[in-house]
2 protein chains.
Amino acid sequence: MAKEILINTRVTRQKVALRQAFEKVGRPLSPEEVWEVASKQVKGLGLATVYRNIKSLVEDNVIVPVELINEAPRYEIAGKGHHHHFRCNDCDKVFELEGCIHNVEKLVPRGYKVQVHHLVFYGSCKECNS
Amino acid sequence: MAKEILINTRVTRQKVALRQAFEKVGRPLSPEEVWEVASKQVKGLGLATVYRNIKSLVEDNVIVPVELINEAPRYEIAGKGHHHHFRCNDCDKVFELEGCIHNVEKLVPRGYKVQVHHLVFYGSCKECNS
DNA sequence: ATCTCTGCAAATGTTTTGCATCAGC
DNA sequence: GCTGATGCAAAACATTTGCAGAGAT
């Protein structure tokens with residue numbers, strides 16, 4: 001059953017500031033990182049509020065968690081279409097890759113229902129490599 | 001001698017039990033999960049010991065961390081060859097998938113040197129799905 | 001006997017929650 | 001004015017660390 005009930009949500013300064021922080025910086029940010037950025041706009045912004053709004057923004061699909069291993073969680077603005085990432089082990093930058101592979105889901109046995117998949121490459125980027 | 005500094009390590013019941021737990025269960029386990037399994041063999045096993053030994057087993061390349069997004073880490077026995085994972089969003093268990101796709105690396109632009117890649121599927125497993 | 005490893009408890013770091021108050025609608 | 005959202009502090013978790021004593025060699 002999909003939820004049909006409309007839940008009232010309010011547009012608050014802090015939520016706006018957080019969204020803008022993600023948009024402005026343009027790279028995946030940890031909760032504490034957005035907090036620092038958004039705090040410049042909203043004085044006295046509470047960390048708890050950041051966590052609450054991150055959760056809410058993820059549910060609303062405004063931001064998405066980034067698929068990095070064994071690192072503090074990071075989020076980025078959603079709506080960029082299906083894509084994956086390349087992470088440089090030398091300079092620690094994360095790059096977006098376009099497109100995806102056909103038939104990836106063939107790896108999954110019968111009976112398992114796939115909702116999403118994530119693919120990350122780790123290695124050396126163009127600059128660090130040369 | 002390759003090793004200049006010889007570090008004494010002892011074969012303890014708890015370390016053996018932990019390794020056997022990973023081998024026996026055969027799917028990625030969180031620290032708490034291994035702890036539950038290994039505790040049956042070693043009564044009174046401390047969680048701190050589990051963490052310490054996980055770290056040591058990772059260094060010895062006996063187990064490897066599994067690539068999950070923004071979650072508590074899980075580990076599995078190393079040396080199984082290249083494979084990927086399926087994570088059930090209902091029961092939170094992680095399963096191993098066999099094989100990989102050809103040409104995955106075609107997604108990566110020229111100039112980038114790939115060392116490894118990780119692919120995870122999220123969805124509903126056979127049991128939760130039926 | 002030596003010295004590492006263990007279990008416990010306390011410490012740390014991160015995320016969540018309870019509650020009185022503030023502020024969007 | 002309702003009532004959801006906020007800020008603060010405390011709570012809840014997950015992981016690490018200090019220490020005295022147990023156990024592997």
Rounded off to whole Å, could you give me the [atom1]-to-[atom2] distance for the [X] and [N] pair?
X        : N       : atom1 : atom2 : result
Ile54(B) : dA14(D) : CD1   : C1'   : 12 Å
Gln41(B) : dT6(C)  : CD    : C1'   : 16 Å
Lys15(B) : dG7(C)  : NZ    : C1'   : 16 Å
Glu59(A) : dA5(D)  : CD    : P     : 11 Å
Lys55(B) : dC5(C)  : NZ    : P     : 14 Å
Trp35(A) : dT6(D)  : CH2   : P     : 16 Å

Practice task
By nearest nucleotide on DNA chain C, pick out whichever of Asn53(B) and Arg10(B) is the more 5' one.
Solution key: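 Result of the comparison: Arg10(B).
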Problem - Distance below 4.0 Å between Gln14(B) side-chain N/O and dG7(C) OP1 or OP2 - result: yes
Exercise for the section: Verify the contact: side-chain N or O of Thr12(B) to OP1 or OP2 of dT6(C), cut-off strictly under 4.0 Å; return yes or no. Expected result: yes
Side chain of [X], heavy atoms from C-beta onward: which of [options] has the nearest atom to it?
X        : options                   : answer
Leu45(A) : dG7(D), dT15(D), dT16(D)  : dG7(D)
Leu47(B) : dA5(D), dT16(C), dT15(D)  : dT15(D)
Val11(A) : dT16(D), dT15(D), dC25(C) : dC25(C)
Thr49(A) : dG7(C), dT6(D), dT15(D)   : dT6(D)

Handout entry: Check: His117(B) and His82(B) side chains under 4.5 Å, non-hydrogen atoms
Key = yes
Exercise for the section: Compute the centroid of each ring, for Tyr122(A) and then for His118(B), and state whether the two points are separated by less than 6.0 Å. Expected result: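 Distance test on ring centres: under 6.0 Å, yes.
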Exercise for the section: Taking the six-membered ring for Trp and the single ring otherwise, decide whether the centroids of Tyr112(A) and Phe86(B) are under 6.0 Å apart. Expected result: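 Yes; Phe86(B) has its ring centre under 6.0 Å from that of Tyr112(A).
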Exercise for the section: Quick one: label Glu32(A) by what it contacts on the DNA or RNA (base, sugar-phosphate, nothing), any heavy atom closer than 4.0 Å. Expected result: nothing
Exercise for the section: Quick one: closest heavy-atom pair of Glu33(B) and Pro28(B), and the distance? Expected result: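 Scanning both residues, the minimum pair turns out to be OE1-O, 3.9 Å.
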Problem - No-H, no-angle donor-acceptor pair, Arg52(A) side chain to dG4(D) base, under 3.5 Å - result: no
Exercise for the section: Verify, without hydrogens or angle tests, whether Gln20(B) (side chain) and Ala17(B) (backbone) share a donor-acceptor contact under 3.5 angstrom. Expected result: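 It does not hold such a pair.
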